[in-house]
Amino acid sequence: MSTRRWIVDDGLWARIGPLLPSWPEKAPGPRPVADRHCLQGILYVLCNGIAWQLLPLELGFGSGQTCRRGLERWQRAGVVDQLHRILPAELKAAGRLDWSRARVDGSHTRAKGGGCDAGPSPVDRRKTGSRHRRAADTT
């Protein structure tokens, strides 16, 4: 396994490349970078935990802005959701999925029952049952 985890080998590219939408015919300006380089730029940013604008141009992946736009375009096309379904299933079938380093991030998951106080938010004035709404109704 390469120490440069952002490099997409030919086997992985053969799985991902066909899922990517073609470049829009009427897009203004030249095509910024090849999709494979854009993907490697995205992976470089994610693997190194850097901001998009800090992606080094000398790596040949294009600018961070270009890679970010590519990721957004692929998200809108549903490619990222497809990859989240396909790749883990293939890794699991091959016995190469290691969950020992997985983490659950509660900031992206709704609390069951609405959180600590299952009642309405006391600061949301529009919802019936909020403290502000009840105080306004009694006057």
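P21 and V79 make their closest contact through CD-CG2, 3.7 Å (heavy atoms, listed as atom of the first residue, atom of the second, distance). Listed here is the closest heavy atom pair of V8 and R36: O-NH2, 2.6 Å.
To the nearest 0.5 angstrom, Y44 atom OH is 11.0 Å from R5 atom CZ. R76 contributes atom CZ, which lies 8.5 Å from atom CZ of R73 (distance to the nearest 0.5 angstrom). Considering CG of L87 and CD of Q82, their distance stands at 10.5 Å, rounded to 0.5 Å.
In the hydrophobic clustering, W99 connects to L91, L97, either directly or through intervening members, whenever side-chain heavy atoms lie under 4.5 Å apart.
Among residues at least two apart or in separate chains, there is no side chain to side chain donor-acceptor pair (under 3.5 Å) pair with a member in residues 47-58.
A 4.5 Å side-chain heavy-atom check between L12 and D9 finds at least one atom pair inside the cut-off. Considering only heavy atoms from C-beta on, L71 stays 4.5 Å or farther from V45 through its side chain. Using a 4.5 Å heavy-atom cutoff, the side chains of W6 and L39 are not in contact. Side-chain contact between L55 and C67 is present, with heavy atoms from C-beta onward closer than 4.5 Å. Put simply, the side chain of C38 reaches to within 4.5 Å of the side chain of W74, judged on heavy atoms.
A salt bridge links E90 to R15: one of the charged nitrogens lies within less than 4.0 Å of a carboxylate oxygen.
The side chain to side chain contact (heavy atoms under 4.5 Å, CB included) test applied to L54 returns I50, A51, not counting sequence neighbours.
Between the side chain of Q40 and the main chain of I7, no donor-acceptor pair closer than 3.5 Å is present.
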